[in-house]
Every structure is written in structure tokens, then in C-alpha cells.
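Chain naming here is simple, since letters A, B, ... match the order of the sequence lines and numbering starts at 1 in each. Worth knowing before you read on, the calculation uses all heavy atoms, side chains too, and leaves out hydrogens, waters and symmetry mates. Please read all numbers here as calculations on a predicted model, not as lab measurements.
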Protein chains: 2
Amino acid sequence: MLDERKRKILQAIIDDYISTAEPIGSRTIARKYNLGISPATIRNEMSDLEMLGYLEQPHTSAGRIPSARGYRFYVDCLLSPAKLSENDIALIESWYKTKVRRIDEVFQETAKILSRVTRNVSIVSAPQMRQCTFRYIQFLPLDEERVIVVLVSDTGLIENKVIKIPQEISLEDLQKIAHRINLRLTGMSFDSIKSSLLHEIKREILQQENLFEAAMELLREALAINSTEKVYLGGTTQLLEQPEFRDVDKVKSLLGVLEEERVLCDILQRQNNQGVLVTIGQENKFSVIKDCSMVQATYHIDGQIVGTIAVLGPTRMEYGKVMAVIEFMNQHLSQLLNKYKV
Amino acid sequence: MLDERKRKILQAIIDDYISTAEPIGSRTIARKYNLGISPATIRNEMSDLEMLGYLEQPHTSAGRIPSARGYRFYVDCLLSPAKLSENDIALIESWYKTKVRRIDEVFQETAKILSRVTRNVSIVSAPQMRQCTFRYIQFLPLDEERVIVVLVSDTGLIENKVIKIPQEISLEDLQKIAHRINLRLTGMSFDSIKSSLLHEIKREILQQENLFEAAMELLREALAINSTEKVYLGGTTQLLEQPEFRDVDKVKSLLGVLEEERVLCDILQRQNNQGVLVTIGQENKFSVIKDCSMVQATYHIDGQIVGTIAVLGPTRMEYGKVMAVIEFMNQHLSQLLNKYKV
DNA sequence: GTTAGCACTCTAGTTAATAGAGTGCTAACA
DNA sequence: TGTTAGCACTCTATTAACTAGAGTGCTAAC
């Protein structure tokens, strides 16, 4: 659709704008990039590119900047698949190694690394337990009134919670109940453990005389552990580095949104294909980030979607690098999680 | 030291400055606060107050603003102990109630509430396990290569971690070891569990033939769980609301610091008395927050210091309200934690 | 001791002027 | 026909000059 020369000029403009954040004029292009044509010719081409919607002008006598459509074309057609630099890879791997591995630390650390390498805000959603498979439930003693419920998933996720128990139930009772529950639920996905099933188990335990009611309550509470999805955020400070966020009010509105965990979950779109997804400007559903771009990928365990990692920044983003980082980190994280898996 | 009239004027100026963030002139004071004296008189008094170091002038023809010393006097002598409004109390309690109680959620929630009510940044340090008492250690199965170590403290803190086990050790072996360890360590503070003691236990287990080496490694790893102190941060966005942080660079440097968990720990000073501690401007040891003030309190369980809650904001802070909130939340949190305690 | 009056100071905001970057058009050129 | 040089025109950002306003500090009167 675009001839070779237009592509080259568009690429030059976008590359330049990404690194300088300043509108680019025809002279600059002619000087910096040896395309063998004069500024005047470039001017004509730029005018065409603007007509076609790939560029826009902040005002008449300024240079051009890429439009959302320009970025889209850049990402889809102009970007050669970049490889991460040796340096970055080494950096990433060393960071991962230094930290002790508790599973939630892995996510926190991933968010941190992502933001440092890309110099943008990162969002990492942890696997939702509800998508995992039930492995077992266990009760540990705490005191006369309370026990610790430990819920373990197939993927090695562990949740614990302190809950009250009625006086009439002993720890031994609970452990018996846990045993029964485990027999019935092991291997099922948390999602498929519906209340109908719980009713069945309840009937079974009913024969175990009077403790069913309390026990059921307990179980329901225990299974409620995994209701909220966890999201890890990294490098919100990076926002302030970007010239497009020189304005405090802009930062404020964006940071405000990022603090809301629920909104974050919504922003991340679950997707099923393995690739890296780039959303540019208004393509985002949420108006707060309509002048931001997001690069995200979803990681899997055994083909099951478990979570998403993403980088959020201004539309003027180093797409090539960010995409490479996201891809690399995604693989890395998947590997790491598979180690934890049974 | 200051006569009644000077106090009244100083109080008026600081009150006004706290709410407006603008330098105050003598006319304004005369108009807003009915002190029964003319602007000229107030001017003289203000001049005195400046000489004494309680006020300062941004430039000759501007009004006066409080100095750090002025704030200090205000906090120490002028502030009548404020009570929280019914409204705020209701708000706080409703917030606490809505959330499910997992112990780390309590801290996260506390940070959030603190920042919302005070409209400032809040910092909450969680109890360090090392200051708590060992209750028991338990191993739960995960797969052939890994087990989950669960560490439970006296205060109801629970830590878990997935660790590798050498092939030659069975889960039963581990449980025996756990039993022995528990016999020896229960009731001791984590801090007092030194390597010398571990050596002793090692010798004991040694008789249990070949698994001591691996088991010790395991235990050491397990006990390392609680090495890092956890800090919860709330409402960093609130910073941007304050006019003193209109400047992006200021925000950047402060937010950058707040992202470093280690620095946060250092900023919070452990203190032994029960009261609320106010640190104003340069009184802070850390230069990054030298134009900030901090209000903090330390919460206890059984007289043991376990953690700190704090509010950080510009020196121009609603000290009265913030102090009241900190005090209230501190008590509230202590109660809550004592519920979790054995 | 308090107050009114007044000259003086400093800032923040407004206006005016200027330099610079960039465009678009026209006409010449290969 | 595509490319290029030249030039007038446009718009912004920066600087400089100016002004209004708020506030002080001093003096003299009450």
C-alpha cells in the first residue's frame, strides 16, 4: 500500500520521534537519515503521509508526529522482529537469580524487572487460583478458636487463611473432613467446584453427624480465598520520566487509575493466542489510557491461560524493544512457573 | 516563652497556611481571625515571630509562612488534642469490616485507609516474624521433589515457601524432623534461634542417620523466610494533590525513594514509647524527605514492638487530624492483631 | 502600646516584540 | 514527470518591558 520510499520516510520519522519526543521536520529527516532525497521531496511525501492518516501536525509550522494509525502500521509492517541485547538478557537473568523464590515474589520481581528494562510501567497478573486445579486442603492448628486453612493448587500456588471454628469441632474432625474433601475434589479445577458439588459432599459428611453445617461454612470460606485476582505493578515512577507526563494532572489521573486493582484487571485483556498483543492509543477500551499504548502477552501452563504480563507507556514507545522484552520475559516466566508445577 | 497574643497570631498563621498553602499577610489575619487588633500591630508581632525563628518570608513583599521551628512549636504547644470526627471513625470501621481478613490484607488495608483519611502517603510496616515467637514448623507435600514449608508464629503470622528436597528424604522423615524441631524451638523468639542452637538440633538429628545435612539446609532455608521486613505503602497518588508537589521533579525523587523497600524501612524509626511521634522537615534524617513531615506510631502486642504505622506528607500538614488518625488506627490495629494472636 | 498613612519592594501576570523552525507553493531543472 | 531550490508565510516559544497588587516597614499621631 505504501511504496518503499514512503515506508522509509515514515519509519525514519517514527524512529526519530520515539527517541526525541519532538515533532520532526523535513530538513531533520534529510540530514539525519541518508535517503538520497531533498527536504522538498520529503515534504511532499510527508504531506501525502498526513493525508493518508499516518502522520499528524501539532500545528501548521511544526514538524509531523506519528498518528495512532502511523504507529499501528509501524508495529505491523515496519518493525523487524528485534532480539534483546545480550546485556539485557544477562541483566534479567541475574535479577531473577538473586531473589529467593517464593511464588508471589516471582511476580513482584517480574513486574520490577519489566519496568526497569523497558523504562515503563509494568503490570503482571498472577495466576488466578480459580483457573487451577484443586490439589488438597489442609487444616493446621493455631489455637482453640482458630485454625489455618491451607489450600494447595496443582500449579503450586498456596493460599492460607486463618478462620474461626465453632467450639464443638476438634482438629481431628477437621482433618477427617479435609480427607473426605480431598478425595472428592482432587484434580478438579477450582472453577468447576460449584455449590452443587459442595452440597453433595455436605450430604456425605452429614452421615458424620452434627458437624456438617459448621464444616461446610468453613469450606465455603476456605474456597473463597481465591476470589480476588492479584495484580503486581512495577515502576510507576517511570511514568514521570516521560516528557508526555510533564503535566502533574495527567500523571495524577493515570496513577490514580493504576492504584485501583480492579481497573488493572480489566485493562489486561485475556487472549488466547500465544503472541504479543499491542494496543495503541484509542484502541484501548479504557479512556484513561487512551493516549497510552500497551504491550502484553499471556502466559500459560499446560496450554491453560494463567496470567498476563504487560507494559504500559505513552504511545511514543519503543515498541520493538518492549515487544522483545515482553516475549522473552513471558517465556522465562512460563518456564519458571512450570518448575513450580507438579 | 511566647505571650498569649503571639501564640494566637502564630496559631492563626499556621492554621491558615495549612489550609491555603499561601503565605499569609497581616491584613488577612486581621480580617479572618477576630483578634481585636489592627494589621499594623499584627505586622509588628509577625516581625518579632520571624526574628524568633517561628516564621519566614519567601521574599520581602510576600506574607509569612511557618518555619520548621514554627511547626514544632505548633505541634508541641498550640495543638489541642483533636478527636476524630464521628464521620471518619465510621468510615474507618466500615472499611475495615468490608475486607476479608487475611493477615497481610490487614496491613494493606490499613495503609489504604490511612492514606484516604489523611489524604497523604501512608507507610505501614508489618510485624517482623523475627520478633515473634516460634510456634511450629510443618511440611506439606507438593510433589516428589518439593515440599511446602509452613512456619507459624505465636502472633498468628504464617509464612510458606516451596523448597526442594533431596530424593533420599521422605515426607515422613521430614515430619519426624519437624516434630523434633518443634519440641526444641516452640516458645522461642525467632531472633534467639541462632545457628548454635541449630547445631545442637543437628547433632540430635544426626543420630537419625544420613538425612541431617539436607534437613539442616532445609531448616536454615525455612527460617530464612522471615528475613526481609515487609512494608506496605498507601496512597502515593495523594502526593500529587499537594501544591508543594506541583513540580514533577520533586515528585519523581520522592516517589523513587518510596519505591525502595529498604529505604522505607529505614525511614520508619522504631521507638519504644507508646505515643505518636512527629518529625518535621529537617528533623528527618533522610535528606530526600527533608521538606516533608512524618507522623508515626508503633504498635505492640503484649508490650512487644511489632511494627510501625506512619503518614508522610509536606511539612504543611494537618498535624492535628493526622495525629488523631494515627493514634486511632494504631489502637485499632493493635486490637485487630491481638485477635489473631494465640 | 496601638494604629493610620505612606513610600518602597517584590512577584506574578500581561502584553509586545523577536527569532527560529517548518511548511506549502511556484518555478526551474533533469 | 518527478525532483529540487527558493521564498513568502505561519505559528510557537522565548525574551523583555510593563503593570497591578499584595505586603512590608517605618514614621508620626493617638
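Listed candidates were D:dG25, C:dG24, D:dG23. Nearest to the side chain of B:R64 is D:dG25. Side chain of A:R5, nearest nucleotide from D:dG23, D:dT3, D:dG25: D:dT3. When the nucleotides C:dG24, D:dA22, C:dA21 are ranked by their closest atom to the side chain of A:Q57, C:dG24 comes out on top. With distances taken from any side-chain atom of A:N44 to the nucleotides C:dG5, D:dT4, C:dC10, the minimum falls on D:dT4. The side chain of B:M46 lies closest to D:dT24, out of C:dT11, D:dG25, D:dT24. Nearest nucleotide to the B:S47 side chain, out of C:dT3, D:dC11, D:dG25: D:dG25. In the set D:dT24, C:dC10, D:dC11, D:dT24 carries the atom at the smallest distance from any side-chain atom of B:S26.
The nucleotide D:dG25 finds its pairing partner in C:dC6, both defining distances of the Watson-Crick or G-U wobble pair being shorter than 3.5 Å. A 3.5 Å limit on both hydrogen-bonding distances identifies C:dT14 as the Watson-Crick or G-U partner of D:dA17. Using Watson-Crick or G-U wobble geometry with both donor-acceptor distances under 3.5 Å, D:dG2 finds its partner in C:dC29.
Whole-Å rounding puts the B:E56 CD to D:dG23 P distance at 18 Å. C:dT2 atom C1' lies 14 Å from atom CG of B:L35, rounded to whole Å. Rounded to an integer number of Å, the gap from B:I9 CD1 to C:dT2 P is 10 Å. Here the P atom of nucleotide D:dT24 and the CG atom of B:L49 are 12 Å apart, to the nearest Å.
Taking a cutoff of 4.0 Å between a charged side-chain nitrogen and a carboxylate oxygen, B:D88 and B:K83 do not qualify as a salt bridge. Salt-bridge annotation for A:E241 and B:K252: present, with a side-chain N of the basic residue lying under 4.0 Å from a carboxylate O of the acidic one.
In terms of polar N and O atoms assigned as donor or acceptor, the side chain of B:R43 comes within less than 3.5 Å of the base of C:dG5 in a complementary pairing. For C:dC10, the base has no donor-acceptor partner in the side chain of B:T60 [N/O atoms by modelled type, under 3.5 angstrom].
Distances shown here put a side-chain N or O of A:S38 below 4.0 Å from the OP1 or OP2 atom of D:dT4.
Between the side chains of A:R116 and A:Q238, not a single donor N or O lies within less than 3.5 Å of an accepting N or O.
With values rounded to the nearest 0.5 angstrom, B:M46 atom CE is found 5.0 Å from B:R64 atom CZ.
B:A62 comes within contact range of the sugar-phosphate backbone alone, with a heavy-atom separation under 4.0 Å but no base atom that close.
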